[in-house]
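In what follows, chains carry the letters A, B, and so on, assigned in the order in which the sequence lines appear, proteins first and then strands, with residues in each chain numbered from 1.
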Protein chains: 2
Amino acid sequence: MNEFAYSYPVKTYFGQGAAAKALPAELAKVGEKVLLAYGGGSIKNNGIYDEMVSILKEAGKIVIEFSGIMSNPTYKKVQEGAKLCKEEQIDFILAVGGGSVIDCCKIVAVQARTEEDIWEMEFTKHRFPTQALPMGAVVTASGTGAEQNAGAVITNEEKKIKAGVFGTYAEFAVLDPAYTLSVPFGQVVSGAFDTLSHCMETYFGKPQETFLSDEINEAVMRNTIGNIRSLMKNPEDLYARGELMWDSAMAENGILKIGKVTDFQAHQIEHQLGAYTDCNHGQGLAVIHPVLYRHIYKEGLEKFKRFAIKVWDIPLEGKTDEELALAGIDALADFIKEIKLPTTLTEMGITDHSILKAVAESSNITAGCCKKLTSQEIEEILKECR
Amino acid sequence: MNEFAYSYPVKTYFGQGAAAKALPAELAKVGEKVLLAYGGGSIKNNGIYDEMVSILKEAGKIVIEFSGIMSNPTYKKVQEGAKLCKEEQIDFILAVGGGSVIDCCKIVAVQARTEEDIWEMEFTKHRFPTQALPMGAVVTASGTGAEQNAGAVITNEEKKIKAGVFGTYAEFAVLDPAYTLSVPFGQVVSGAFDTLSHCMETYFGKPQETFLSDEINEAVMRNTIGNIRSLMKNPEDLYARGELMWDSAMAENGILKIGKVTDFQAHQIEHQLGAYTDCNHGQGLAVIHPVLYRHIYKEGLEKFKRFAIKVWDIPLEGKTDEELALAGIDALADFIKEIKLPTTLTEMGITDHSILKAVAESSNITAGCCKKLTSQEIEEILKECR
């Protein structure tokens with residue numbers, strides 16, 4: 001285990017009816033003008049919008065709306081939100097949605113408190129914001145764990161880069177499994193696969209030796225897999241939805257990352273795929289993961305072997321270490337088919353394969369991956385994904 | 001999983017040399033007058049005292065010492081510390097020690113900020129303190145997880161009650177595995193068993209159904225058991241000591257308790273045993289646990305069965321549920337012998353068994369235990385422990 005400094009500043013409220021129970025006290029702590037931020041308007045159909053407005057009015061707040069936050073939120077949208085916060089002198093942001101809305105708001109919150117351009121600040125000047133508008137998150141679609149950390153994935157359309165930007169933590173997060181019921185089922189599964197990806201990308205990081213963080217991670221992975229299976233059988237299963245919400249939080253609240261340098265190579269490749277195609281994040285990960293792992297497993301053989309045994313319950317008998325490791329990756333690939341996620345880029349609707357070279361060349365190479373890939377190898381991986 | 005609200009406000013620094021790296025920045029945030037709190041003076045022999053004084057001086061602090069905090073810290077000692085804080089107008093408490101020192105300071109910190117008697121406030125008026133002196137913890141003996149939560153176990157000698165008092169969270173905790181090297185080895189093992197006890201007392205809480213918190217808990221229990229075994233082979237093993245330090249933190253940072261009502265019946269009985277005999281906490285737990293579990297397992301059969309399989313690796317074949325559950329408790333009892341903890345009160349040096357009735361009658365009955373015990377049954381349990 002590497003040395004670490006750990007903090008977890010997000011107060012998390014979980015359970016059915018959590019918003020009505022938690023928000024009044026939390027809103028009492030913040031100023032009068034609240035930015036109610038949300039996505040394409042689905043919360044207007046499922047009643048969550050009305051509930052939020054009523055809770056905010058009850059708390060005596062002046063509500064300014066910021067809507068239309070898209071999946072793969074853009075830097076332009078961030079600037080629009082920040083401008084609105086400045087003009088309206090917003091005191092607090094309430095982000096209501098999935099990872100896209102919450103990520104967008106985490107960067108709006110810091111951009112609203114500085115005149116410097118945040119992208120410029122972080123990527124050119126390598127400085128990080130120190131001030132932010134306070135914000136809270138009400139999670140309606142789970143999987144990204146965006147409500148648990150300070151990072152945000154934002155697409156800079158001009159630069160064709162989808163990248164992790166450092167923003168702010170939510171003061172609190174509300175996780176109500178019933179809020180996820182109106183999310184299209186494919187998105188629920190794709191979100192849950194994002195959780196599994198976060199776990200794997202942490203598990204296969206460095207050091208490779210297995211310690212407490214990895215053993216806890218195995219528990220979270222098994223739980224995630226089991227509850228996706230429960231949900232495939234009964235999409236209304238609120239118990240499974242609740243477990244998956246907390247799996248998602250656990251995968252990104254930092255506990256699994258303790259003492260580790262994470263991998264996140266699949267995420268880096270997927271982000272650039274997203275920058276070029278605006279594709280669905282969980283689907284992109286589902287296509288990339290098995291192919292990537294077949295390219296790198298020899299450099300992380302012990303861990304891939306353990307992954308097969310502990311997460312996929314592959315029996316040891318008569319298998320070499322390589323066979324075991326590959327059996328684990330096969331089990332992952334089979335699971336992806338079982339839960340009806342796509343297995344190729346074409347299946348995802350990405351048919352213009354001329355972009356793959358540019359995707360590969362713009363993908364970050366991570367320090368935590370057991371094999372340091374080259375751009376050429378990433379291109380090969382992407383071609384195998386076709 | 002029950003509904004929950006979770007927060008974890010302690011910034012935790014882990015690793016060899018963590019104090020020298022973390023303290024300067026943390027001390028820069030606090031006022032000038034620091035109470036340096038410690039126990040019987042062992043930190044003067046192992047160099048930690050000198051290191052702390054030097055870091056504090058370097059940070060420009062005026063240091064006031066509060067020493068002699070005993071194991072099973074007393075309410076009288078709390079009052080002494082609070083008086084000192086008021087007289088010296090202390091700005092910050094730096095607790096350097098194990099659970100006793102840290103627990104004592106968590107209550108000193110709240111008592112220092114109120115004229116009301118804290119015991120009276122919490123146990124008679126059922127109100128809780130809202131203000132506290134800020135404090136930090138440097139952990140030199142691990143197991144209690146005291147640095148991770150706001151509760152503190154304090155002995156009121158006059159009332160013959162050893163009870164959990166609600167105090168304050170440390171702002172930060174420093175966990176350096178090398179700091180535990182000079183702790184007597186028996187105490188290291190007894191502390192690690194306290195960690196295992198915290199895990200078990202959470203695991204066997206309510207609801208009995210198994211969910212993510214329990215699956216994570218199983219990982220922490222297996223890791224704790226494995227690393228105690230490593231340490232029995234090589235007491236100098238810093239890797240194992242580090243894992244046990246983080247196990248101890250994980251057992252008490254609230255993650256395992258999420259969605260649960262904890263049991264803590266063994267702790268309640270042990271606390272009163274401690275109030276009457278000033279015995280070693282981990283040893284008391286080691287004696288009580290197997291006997292208690294044989295009394296209650298039928299009411300939590302599914303979970304005790306799972307405990308046997310998942311934590312102790314007991315093979316299923318040919319066993320009834322009861323046999324499996326009992327095999328798990330036997331494995332726990334065997335482990336206690338294996339790691340050379342006492343198995344009877346007499347072995348612990350508690351030979352005056354006339355106190356057991358009073359211990360039983362003053363022990364709290366917990367709501368989380370799968371079987372609601374009576375005082376008479378607790379007395380029987382204690383008699384079986386003789």
Side-chain angles (χ1 to χ4, degrees), chain A residues 1-18 21-22 25-26 148 171-177 207 209-224 226-227 238-251 253-256 258-259 310, chain B residues 1-18 21-22 25-26 148 171-177 207 209-224 226-227 238-251 253-256 258-259 310:
Chain A
M1 179 158 63
N2 296 338
E3 63 179 32
F4 65 82
Y6 180 69
S7 64
Y8 182 11
V10 185
K11 180 151 193 183
T12 301
Y13 297 95
F14 173 94
Q16 279 184 259
K21 287 175 203 163
E26 289 293 342
Q148 299 290 323
E171 308 274 316
F172 62 83
V174 174
L175 306 177
D176 182 341
E209 63 186 13
T210 295
F211 52 95
L212 181 58
S213 299
D214 301 308
E215 292 170 51
I216 294 172
N217 195 333
E218 288 161 0
V220 178
M221 286 193 272
R222 286 188 300 258
N223 188 284
T224 303
N227 280 294
L238 275 178
Y239 177 88
R241 282 174 184 263
E243 287 285 278
L244 287 170
M245 265 190 138
W246 189 238
D247 284 315
S248 164
M250 278 301 300
N253 64 11
I255 288 281
L256 306 188
I258 273 170
K310 298 287 181 184
Chain B
M1 178 158 63
N2 296 337
E3 62 179 33
F4 65 81
Y6 180 68
S7 64
Y8 182 12
V10 184
K11 180 149 194 186
T12 301
Y13 298 94
F14 173 93
Q16 279 185 259
K21 287 175 203 163
E26 289 294 342
Q148 300 289 322
E171 307 276 315
F172 62 83
V174 173
L175 305 178
D176 182 340
E209 64 187 13
T210 294
F211 53 94
L212 182 58
S213 299
D214 301 309
E215 291 171 53
I216 294 173
N217 195 332
E218 288 161 0
V220 179
M221 286 193 273
R222 286 188 299 259
N223 187 284
T224 303
N227 281 293
L238 274 177
Y239 177 88
R241 282 174 183 262
E243 288 286 279
L244 287 170
M245 265 191 138
W246 189 239
D247 284 315
S248 163
M250 278 300 300
N253 64 11
I255 290 280
L256 306 187
I258 273 170
K310 298 288 181 183

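B:Val10 touches chain A through its backbone: at least one of N, CA, C or O sits under 4.5 Å from a heavy atom, while the side chain does not. With a 4.5 angstrom heavy-atom cutoff, B:Ile255 touches chain A only via side-chain atoms. With a 4.5 Å cut-off on non-hydrogen atoms, B:Gln16 touches chain A through its backbone but not through its side chain. Within the 4.5 angstrom heavy-atom criterion, no atom of B:Phe172 approaches chain A. Within the 4.5 angstrom heavy-atom criterion, only backbone atoms of B:Asn2 (N, CA, C, O) approach chain A.
Across every non-hydrogen atom of A:Leu256 and A:Met250, the tightest pair is CG-O, 3.6 Å. For B:Gly15 against B:Pro177, the heavy-atom pair with the smallest separation is C-CD, 4.0 Å.
With chain A as partner, the option from B:Ala5, B:Ser213, B:Ser7 having the largest number of non-hydrogen pairs under 4.5 angstrom is B:Ala5. No other option in A:Ile258, A:Val174, A:Asp214 has as many heavy-atom pairs under 4.5 Å with chain B as A:Ile258.
A donor-acceptor pair under 3.5 Å links the side-chain atoms of A:Glu243 to the main chain of B:Leu212, judged by distance alone. Formation of a donor-acceptor pair under 3.5 Å by the B:Thr224 side chain with backbone atoms of B:Val220 is found in this model.
B:Lys21 and A:Glu3 are joined by a salt bridge, as a carboxylate oxygen and a charged side-chain nitrogen come within less than 4.0 angstrom of each other.
By the 30° and 60° cut-offs, the orientation of the rings of B:Phe4 relative to A:Phe14 is parallel.
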